[in-house]
Amino acid sequence: MIDLRSDTVTVPTAEMLEKMFSAKVGDNVLGHDPTVRELELKAAEMFGMEDALFCPSGTMTNQIALNVHTVPGNEVICHKHAHIYNYEGGGAAFNSGLQIRTAGDDYGKITASEIEPLINGYGDVHAAPTGLISMENTSNKGGGTCMDLEELKRIGQLAAENGIPYHLDGARLFNALVAKGESPKDYGAIFDNISICLSKGLGCPVGSLLLGSSDFIIAANRVRKRFGGGMRQAGYLAAAGIYALDHHIERLADDHSNAKLLEAALSKHPAVKSIKPVETNIVIFELKEGYDAQQWMATLADNGIQIIAMSKTLLRMVTHLNVSLDDIEKIIHQIQGID
Ligand SMILES: *Cc1c(COP(=O)(O)O)cnc(C)c1O
């Protein structure tokens, strides 16, 4: 099977597994596991931020950030496609008593001028005070699109002027950095905290990192424990993260060029109505009236290719570490055969 459902399906390479097997570990709840600590400090250094916290998932890193920065009854401003709003099981409300205010276009982009009128202070008793502004880069539901760094700076300025913390869900931030030739420090300088996933394009089996100031990480560590995310000999997992940060970032460019090949093939297919512009490793496309996404999914599955239907007409393919150029050629061949 060639699995294009997500970049979360990757399995560790032999080299990564070797690093995991030989990791030095300790009890990371009682004290520090040396390998977890190495990963946290390595990531903090890369982003020019003070500290980091290793967590089981990107949902948890996001949920911790929401929890630390807000009080119940606050409102969080984010894009209408944001993971924190659409795909975290109502966690913002359940864990932290928050409501969400959304804006933005159909491609995961949002501007400072859209956000400005949405900010609520404490003055008006009718309004829920804005507790956090959260961005997502790349945008998953937007089609793997990259936010503009200058716009992110403008939004950051707006947040700072209003005394509102500024979070980045950077589950696939490294895809954006590679695609746009930007550096982690560009982002570390703008955001109060950043969540990055090691288990997506970077190819680790498990794990996400939450980056921020030392004080923020002390508070985040308490919330991680409360959410049940304190992991003991997690160094075995952190070792995979260290390996990925050293070896799996630049290669994301291959995933991006593979996604472009899929985009080009789909754009010539008579059943395809539109494709969200491909900037990184996600290809979201819409079928014309009379075609059925489930049917496409089933036909491809019969031919050894797994993809995901996002609605009756929308389909998603994600390229990653375990999809080769040979695989891409096979996929294109199969797509051309569907009628
Ligand atoms: C995958 C993802 C997450 C976190 O997902 P987990 O499966 O909980 O690690 C967060 N944000 C975005 C944009 C994602 O795509």
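Every number for a ligand or one of its atoms is a count from 1 in the order of the listing.
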Establish whether L168 and L202 are linked, either directly or via other cluster members, by ILVMFWY side-chain heavy-atom contacts under 4.5 Å.
-> yes
Where on A171 is there a heavy atom closer than 4.0 Å to ligand 1, on the side chain, on the backbone, on both, or on neither?
-> side chain
Mark the output for R172 as yes if a heavy-atom distance to ligand 1 is under 4.0 Å, and as no if none is.
-> yes
Does some non-hydrogen atom of the protein lie less than 4.0 angstrom from atom 7 (O) of ligand 1?
-> no
N/O of S208 under 3.5 Å from N/O of ligand 1, yes or no?
-> no
Which of the atoms in ligand 1, numbered in the order shown and given with their element, are less than 4.0 Å from a heavy-atom of E136?
-> 13 (C)
Can you run down the salt bridge (Lys or Arg N to Asp or Glu O under 4.0 Å) pairs that involve residues 73-100, sequence neighbours left out, and say none if there aren't any?
-> E75-R101, K80-D106
Min side-chain heavy-atom separation I119-I133 under 4.5 Å = yes
Protein residue, atom and distance nearest to atom 9 (O) of ligand 1, heavy-atom basis = G58 N, 2.8 Å
Under 4.0 Å, heavy atoms only, figure out whether ligand 1 is touched by the backbone of T8, its side chain, both or neither.
-> neither
Under 3.5 Å, side chain of E40 to main-chain N/O of F54, donor-acceptor pair present?
-> yes
Find out if a path of hydrophobic residues (ILVMFWY) with successive side-chain heavy-atom gaps under 4.5 Å connects V323 to I332.
-> yes
Looking at K200, which atoms of ligand 1 are within less than 4.0 Å of one of its heavy atoms?
-> 1 (C), 2 (C), 3 (C), 4 (C), 5 (O), 14 (C), 15 (O)
Protein heavy-atom partner closest to atom 11 (N) of ligand 1 - residue, atom, separation in Å = D169 OD2, 2.6 Å
Do the side chains of L209 and F216 join up, straight or via other hydrophobic residues, at under 4.5 Å, putting them in one cluster?
-> no
Check: N140 N/O within less than 3.5 Å of ligand 1 N/O = yes
Looking only at heavy atoms, the pair that brings T145 and P277 closest together is CG2-O, 4.0 Å
State the atoms of ligand 1, each with its element, that fall below the 4.0 Å cut-off from a heavy-atom position in S57.
-> 8 (O), 9 (O)
Check each of M60, E88, H83 against atom 12 (C) of ligand 1 and report the one with the nearest heavy atom.
-> H83
Which residues satisfy the ring-ring contact (aromatic ring centres under 6.0 Å, His included) test with F174, sequence neighbours excluded?
-> F47
Under 4.0 Å between heavy atoms, the region of T59 that gets near ligand 1 turns out to be both
Work out which heavy atom in S6 is nearest to a heavy atom in R172; give both atom names and the distance.
-> OG-NH2, 4.0 Å
